[in-house]
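A, B, ... follow the sequence lines: proteins, then strands. Residue 1 opens every chain. What you see below is based on every heavy atom in this structure, not just the backbone, and it leaves out hydrogens, waters and symmetry mates.
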Number of protein chains: 2
Amino acid sequence: MITIYDIAKKANVSAMTVSKVINQTGRISTATRERVQQVIDELGYIPNSNARSLVLQRTQMLSLLITDITNPFYTTLARGAEDAANARGYRLLFGNSDEDYNKEKNYVETILSTRVDGVLFAPAGDRSLDHLQQLHERNIPFVILDRTVPGITSDVIAGDSRQGALLLIRYLTELGHRRIALVNGSSEVSTARLREEGYAEGLREAGVKVDPKLVLRTGYRDFSDEAGMEQLLTQPDKPTAIFAANNMLAIGVIRLLRKRGLRVPEDISVVCFDDLDLASAFDPFLTVAAQPAYDFGAKGMHMLIDRIEGTAPTDPQMVILPSELRIRASATTLIGQSKPLGS
Amino acid sequence: MITIYDIAKKANVSAMTVSKVINQTGRISTATRERVQQVIDELGYIPNSNARSLVLQRTQMLSLLITDITNPFYTTLARGAEDAANARGYRLLFGNSDEDYNKEKNYVETILSTRVDGVLFAPAGDRSLDHLQQLHERNIPFVILDRTVPGITSDVIAGDSRQGALLLIRYLTELGHRRIALVNGSSEVSTARLREEGYAEGLREAGVKVDPKLVLRTGYRDFSDEAGMEQLLTQPDKPTAIFAANNMLAIGVIRLLRKRGLRVPEDISVVCFDDLDLASAFDPFLTVAAQPAYDFGAKGMHMLIDRIEGTAPTDPQMVILPSELRIRASATTLIGQSKPLGS
DNA sequence: TTGAAAGCGCTAACAG
DNA sequence: CTGTTAGCGCTTTCAA
């Protein structure tokens with residue numbers, strides 16, 4: 001391994017001088033600077049960031065923790081975060097918790113033990129509280145992303161889940177739907193609660209009572225609850241539309257509908273939260289409430305770096321980004337549904 | 001910051017003893033072990049991995065570098081890699097080069113300066129050679145993923161691009177297509193070259209000569225070359241089918257076709273390499289040569305860890321995974337194409 | 001403008 | 001079974 005001493009020796013200076021050249025601190029004569037720089041280039045020397053961070057207590061490295069690396073919402077967000085980090089001179093490393101508190105815990109340990117400068121943190125759910133408190137206790141700056149966690153006060157950037165859900169339900173009720181099922185994430189996740197609130201409010205506006213039998217609560221990932229869907233679809237007064245609380249749920253829902261021989265939207269309408277970037281790109285099928293995923297990442301990252309660099313306001317900031325209704329083909333009027341389910 | 005000395009003092013032992021408890025090395029009486037462990041738990045002590053890696057020259061941390069975090073092939077691969085890493089007791093951090101040599105260079109620097117134990121490396125292209133050589137010089141074990149790089153010998157796990165392309169072209173020629181366009185990635189990328197070989201071979205088998213005017217070479221990401229598509233589609237003897245060399249290109253192609261008012265497959269057939277996991281899940285539309293993305297990650301990670309732990313064969317290993325033709329709706333017979341483009 | 005000494009938090013080697 | 005010493009690669013302080 002090439003160390004700063006190798007460079008120093010070869011350039012006939014002390015290690016300290018080399019350090020000054022690398023970090024552009026202190027005064028150095030142009031002559032020595034150039035000589036040292038040349039040796040550095042020649043040997044391809046790269047400082048050991050472990051040694052450096054040990055003394056500096058800084059790494060110039062940031063972490064982004066997301067909850068589902070296969071979800072396009074998070075990957076687009078990751079791009080935004082990375083672009084912003086690079087623009088401000090930080091390196092970014094990603095972690096993926098897969099909506100799993102245990103994996104999340106491991107990442108928090110990694111973060112804590114590597115002393116990154118800050119974390120953009122999409123919590124798995126309310127039980128992420130412990131993890132966030134740990135970060136707080138160790139003075140690792142963080143910005144919470146996408147989901148809030150009761151009990152913790154910090155910078156937050158999130159979407160307006162309530163409003164997005166409301167837009168979708170309003171749209172469905174305007175199409176004439178009254179029996180609208182909700183396939184939701186876990187109640188332990190703030191966005192799931194808020195989307196359910198928006199759902200309830202949308203129904204209320206239309207004078208429809210929430211029917212608990214039309215609400216299925218599961219996880220935001222890997223939906224394949226056939227029994228649950230069976231129950232939803234085989235009750236006396238069947239739903240004519242389904243609101244899936246995120247894109248991954250929508251995929252599961254549609255898959256299970258297909259499996260039962262039901263067509264979307266001819267037999268039943270489906271809408272969801274979050275867009276499916278790639279799928280929607282060439283096949284604008286799903287009607288969705290889309291969130292500005294890239295901005296989540298970019299703005300969240302700027303908030304984080306502002307916080308780290310001390311340029312943020314003292315008080316915790318909360319930024320809420322709106323969703324946008326994108327009307328496509330997966331939901332239609334009751335009349336458009338050739339064969340109402342209830343018949 | 002809580003250090004090993006804080007623990008030592010509180011438990012009335014030396015730092016060395018704490019270290020032994022943490023790392024389960026050396027002999028320690030059960031009594032002291034328990035006492036120390038209790039203090040560790042109580043204070044929530046987490047060792048500083050920078051300090052540790054400085055002396056150990058190991059981090060128990062691995063890197064995965066992918067070239068497009070929004071491409072489902074890579075995100076599914078990432079899951080496989082992560083699962084395998086965790087199963088073997090390593091932590092994994094992700095990097096994303098966005099098919100950009102410059103970003104890739106930054107990640108290599110990060111890798112080099114943080115001294116991770118190894119890297120699963122999907123190169124941006126042939127010019128990644130420098131970066132890989134740097135890793136090699138510094139003795140950072142790596143496995144090359146998905147794409148080979150001329151000039152470097154190492155463990156490799158890749159798909160059979162040639163065979164996959166051949167399957168697709170055979171399928172198209174069996175449907176009766178003769179004028180098949182290729183929208184390919186950059187010639188600087190091994191998979192693009194191999195897919196073009198498979199394309200050429202498929203045409204040869206069918207007695208069709210490759211027409212350079214039907215080949216468009218671009219990048220694997222963000223395809224939106226309207227002028228190129230225009231040229232492809234407006235020549236005298238128009239193509240009746242397009243082979244997109246990866247999923248992202250297929251999306252761009254279909255988008256541009258739509259923009260020109262062309263329907264797929266009614267007006268023109270489209271097939272591509274790599275599946276679109278989410279999109280295909282509920283809308284099995286694109287006919288593709290799918291690669292076992294999860295296995296790429298999982299097997300590649302095992303190769304890497306075997307190499308790190310010295311349990312791999314001395315000689316570099318090369319694993320080639322086959323692709324699988326998934327016939328869906330985006331390509332059809334010429335007769336099925338209601339209005340041949342040439343008419 | 002340059003360098004010597006000390007120490008960041010940890011562990012290997014050895015001594016007790 | 002436990003502790004002392006030294007040093008991993010780097011930078012801060014302060015003296016030259």
Side-chain angles (χ1 to χ4, degrees), chain A residues 1-37 39-40 43-61 109-117 138-140, chain B residues 1-37 39-40 43-61 109-117 138-140:
Chain A
M1 171 180 293
I2 302 173
T3 75
I4 201 168
Y5 289 101
D6 299 324
I7 307 297
K9 187 180 293 178
K10 191 145 189 198
N12 275 315
V13 292
S14 74
M16 200 49 240
T17 304
V18 178
S19 174
K20 280 176 185 153
V21 171
I22 293 168
N23 299 296
Q24 322 203 40
T25 63
R27 334 223 127 269
I28 302 256
S29 73
T30 317
T32 40
R33 185 203 317 291
E34 276 170 3
R35 187 154 38 91
V36 170
Q37 189 58 54
V39 177
I40 288 174
L43 268 57
Y45 168 68
I46 294 179
N48 183 326
S49 75
N50 297 119
R52 185 182 234 168
S53 85
L54 199 55
V55 21
L56 290 183
Q57 310 281 19
R58 272 194 303 100
T59 55
Q60 208 68 8
M61 240 162 343
E109 266 185 27
T110 303
I111 285 163
L112 254 21
S113 71
T114 54
R115 305 328 200 233
V116 292
D117 293 352
R138 310 298 159 92
N139 292 312
I140 309 267
Chain B
M1 171 179 294
I2 302 173
T3 74
I4 201 167
Y5 289 100
D6 299 324
I7 306 298
K9 187 179 292 176
K10 193 147 190 198
N12 275 314
V13 292
S14 73
M16 200 52 235
T17 304
V18 179
S19 172
K20 280 174 184 154
V21 171
I22 293 168
N23 299 296
Q24 321 204 40
T25 61
R27 334 224 128 268
I28 302 258
S29 76
T30 319
T32 39
R33 185 204 319 290
E34 277 169 4
R35 186 155 37 89
V36 170
Q37 188 59 54
V39 178
I40 289 175
L43 269 58
Y45 167 70
I46 293 180
N48 183 325
S49 76
N50 298 119
R52 187 182 234 167
S53 86
L54 200 56
V55 21
L56 289 182
Q57 309 281 17
R58 271 194 303 100
T59 55
Q60 208 69 9
M61 235 154 356
E109 264 184 28
T110 303
I111 285 162
L112 254 21
S113 70
T114 54
R115 304 331 201 230
V116 292
D117 293 351
R138 309 297 157 94
N139 291 311
I140 309 267

Those residues that, when tested against [X], pass side-chain hydrogen bond (donor to acceptor under 3.5 Å, both in side chains) (two or more places apart):
{"X": "A/Ser14", "value": "A/Thr17"}
{"X": "B/Thr59", "value": "B/Asp117"}
{"X": "A/Ser53", "value": "B/Asn50"}
{"X": "A/Ser113", "value": "none"}

To the nearest 10 degrees, how far apart in direction are the end axes of the helix from C/dT1-D/dA16 to C/dG16-D/dC1, each fit to five base pairs?
40°
Spacing of [X] atom [atom1] relative to [N] atom [atom2], expressed in whole Å:
{"X": "A/Arg58", "N": "D/dC10", "atom1": "CZ", "atom2": "C1'", "answer": "13 Å"}
{"X": "A/Asn48", "N": "D/dC8", "atom1": "CG", "atom2": "C1'", "answer": "9 Å"}
{"X": "B/Leu54", "N": "D/dT11", "atom1": "CG", "atom2": "C1'", "answer": "13 Å"}
{"X": "B/Leu56", "N": "D/dG7", "atom1": "CG", "atom2": "P", "answer": "17 Å"}

Any residue meeting salt bridge (charged side-chain N to carboxylate O under 4.0 Å, His left out) with B/Glu34, in chain and number order, not counting sequence neighbours
none
Which residues pass the salt bridge (charged side-chain N to carboxylate O under 4.0 Å, His left out) test with B/Lys20, not counting sequence neighbours?
none
Identify the 5'-most and 3'-most nucleotides of DNA chain C with at least one atom closer than 4.0 Å to a non-hydrogen atom of chain A.
C/dT1 to C/dG9
Locate the shortest heavy-atom distance separating B/Leu43 from B/Ile2; write the atom from each residue and the value.
O-CD1, 3.2 Å
Below the 4.0 Å mark, does D/dG9 have OP1 or OP2 next to a side-chain nitrogen or oxygen of A/Arg52?
no
Restricting to side-chain contact (heavy atoms from CB on, under 4.5 Å), what partner residues turn up for B/Leu56, sequence neighbours left out?
B/Arg52, B/Arg58
B/Glu109: partners by side-chain contact (heavy atoms from CB on, under 4.5 Å), with sequence neighbours left out
A/Ile46, A/Arg91, B/Lys105
Nearest-nucleotide check on DNA chain D, B/Gln57 vs A/Thr25; residue mapping nearer the 5' end is B/Gln57
Salt bridge (Lys or Arg N to Asp or Glu O under 4.0 Å) partners of residues 5-16 of chain A, not counting sequence neighbours, each pair once
A/Lys10-A/Glu42
A/Asn50 near the nucleic acid: base, sugar-phosphate alone, or nothing, with a heavy-atom cut-off under 4.0 Å?
nothing
What pairs of nitrogen or oxygen atoms, one from the protein and one from nucleotides 2-5 of chain D, lie under 3.5 Å apart?
residue : atom : partner : partner atom : Å
D/dT2   : OP1  : B/Ser29 : OG           : 3.3
D/dT2   : OP1  : B/Thr32 : OG1          : 3.2
D/dT2   : OP2  : B/Ser29 : N            : 2.9
D/dT2   : OP2  : B/Thr32 : OG1          : 2.8
D/dG3   : OP2  : B/Ser14 : N            : 2.9
D/dG3   : OP2  : B/Ser14 : OG           : 3.3
D/dG3   : OP2  : B/Thr17 : OG1          : 2.7
D/dG3   : O6   : B/Lys20 : NZ           : 3.1

B/Arg35 side chain vs B/Ala11 backbone, donor-acceptor pair below 3.5 Å:
yes
